[in-house]
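In what follows, a structure is listed as structure tokens, so that the remarks can point back to it.
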Amino acid sequence: MTSDAQKLPTGFGRLWTAQTVSSLGDGVMHAALPLLALTLTRDPMALAVVTAAGTLPWLLFGVLGGALVDRWDRRRTMWVADAARAVLLGIPAAAAMLDVLSVPLLAAVAFLLGLGGLFFDTAATAYLPDLLRRDPALLERANSRLRGAQTAMSGFAGPPAGSALLALGRAVPLLTDAVSFMLSALLVRSLPAMPRPVPEVRESLLRQARVGASYVFRDRLLLGLALRPAVGNVAFLAVETVLALFAHDRLGIDTYGFGLLLTAEATGGLLGAGIASYLGRRLGTGTAMTCTAAVEGLAILGLAAAPNPYVAGLALAVCGAGMGATMVLGPSLRQAIVPAHLMGRVASTSRMLAMCAAPFGAFLGGWLATTYDLRTPLFAAAGLLLAMTAVTASMTTNRRIEAALGAASIGGPDHPESEVPVREGAPALL
């Protein structure tokens, strides 16, 4: 271990291992769930229902879930959510073995797994800054490792494993994911307990949810951090909707080659996550995030104009690198400047905005491809990303970020007046 790595507490290693194991299970289910649905129906709308069911919890309960996480013990929330998901997966596994598996059951399971993921991810996002004492450098290093492991497991190892396990039996990938959740729950259960940031309050859940949402929308820096993934999801889903068809019709890529194309993007994501901290130190976090956002837009532009599969693969790798770095720098900054008792609500509000944007992006990509041609969604996505870069560049400047970090260190993560309206550009309330 390097001297930098030794600064991370022992508890982080267990959290990292838990999320790595869980990400492997997620990757298995990412491939196995649609394939399972395909064994039951060929109706595209039925398949879409199964896919969409997993995102619905974020759209319906995102902010309320964050408010609940801010009330509950975060470590307990994580391990209970994973244990519940492990038990839940036993139901479709049993149904598969008894040959009574159905599309409605898969959709219900996908919805409940998504609900468990909402609570686990929000609690983990809120727990990590407490574990690392809100140190910005440690948060970047930790998020880089978490993001890298997630990409490796869910992007590389999990999907082919899911396809292979499904060949052994319809229940096998479901039971494998259940085991991964149970192992994750046991590891999280062994993490050090953190004190609740504030005593239990008597305000209504809806009011607490509104406070968390308004905290994001009233602050230019936090709003800029939230707009990046929201607009990015519109652009990336527009591309993803037509990417397989674009690769086949325009680039002449077969099924095997398309898998390699996606691997190129995941490889870039690993690289971006690995160099995120370096970019933040050399350029400043604000400038680095502006550069990575611009790189994503230019890379999609290159993909749209790609004359062959090799250029397309390079473009996707560059785009993946920009995304990987952004997804380390943005959450790390948010965790460093948001008061502990608001962390769950702020994180869930930002995630909900991103999740709400995704269906719109998918619809936009399909409509543009149908109305015009397959390249049009890619050009539109590039334009959206570059416009977002220009708009948010002034919202996430190095100067604004330094001021926010300074205010957070002076006011402390649990400043007693942090429920009052936010002054523009000062996410840690004074």
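Since the model is a prediction, treat every value here as computed from it, not as a measurement. The figures that follow rest on heavy atoms only: side chains count, while hydrogens, waters and symmetry mates do not.
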Original post:
Under 6.0 Å between the ring centres of W72 and F119?
Top reply: yes
Subject >> Partner of T287 under side chain to side chain donor-acceptor pair (under 3.5 Å), chosen from T397, N398, T292 >> reply: N398
Original post:
Between the side chain of D130 and the main-chain N/O of M194, is any donor-acceptor distance below 3.5 Å?
Top reply: no
Original post:
Just by distance, do the side chain of Q335 and the backbone of L139 share a donor-acceptor pair under 3.5 Å?
Top reply: no
Original post:
Who pairs with R147 by salt bridge (Lys or Arg N to Asp or Glu O under 4.0 Å), at least two apart in sequence or on another chain?
Top reply: none
Original post:
Ignoring hydrogens and geometry, is there a side-chain-to-backbone donor-acceptor pair from R228 to M289 under 3.5 Å?
Top reply: yes
Original post:
Could you walk me through whether L303 and F379 pass the side-chain contact (heavy atoms from CB on, under 4.5 Å) check?
Top reply: CA-CA 9 Å; L303 175 64; F379 285 121; over 6 Å; no
Original post:
Are Q19 and S184 close enough that a side-chain donor and a side-chain acceptor fall under 3.5 Å?
Top reply: no
Original post:
Is it true that a side-chain atom of R134 and a backbone atom of V338 form a donor plus acceptor pair closer than 3.5 Å?
Top reply: yes
Original post:
Okay, side chain of T376, backbone of Y372: is any donor-acceptor separation there less than 3.5 Å?
Top reply: no
Original post:
Sub-3.5 Å donor-acceptor pair from the side chain of R351 to the main-chain atoms of W58, do we have one?
Top reply: no
Original post:
Is it true that the NZ or CZ of R75 lies under 6.0 Å from the centre of Y127's six-membered ring and within 45 degrees of the ring axis?
Top reply: no
Original post:
Do other residues, nucleotides or ligands put more than 12 heavy atoms under 6.0 Å from the CE atom of M327?
Top reply: no
**OP:** Start with the C-alpha gap between D99 and R170, add the side-chain angles, then the distance that decides, and say whether salt bridge (charged side-chain N to carboxylate O under 4.0 Å, His left out) holds.
**Re:** CA-CA 9 Å; D99 201 25; R170 293 194 298 177; 2.9 Å; yes
Subject >> salt bridge (Lys or Arg N to Asp or Glu O under 4.0 Å): pairs with one or both residues in residues 16-29, sequence neighbours excluded >> reply: none
Subject >> Nearest heavy atoms of P331 and N143, plus distance in Å >> reply: C-ND2, 4.3 Å
Subject >> Backbone of A273 reached by a side-chain donor or acceptor of S144 within 3.5 Å >> reply: yes
Original post:
So, T151 side chain and A266 main chain: donor-acceptor pair closer than 3.5 Å or not?
Top reply: no
Original post:
Do side-chain atoms of E296 reach the backbone of M323 as a donor and acceptor pair under 3.5 angstrom?
Top reply: yes
**OP:** Indicate yes or no for a side-chain donor-acceptor contact from D70 to the backbone of R345 under 3.5 Å, with no hydrogens or angles considered.
**Re:** yes
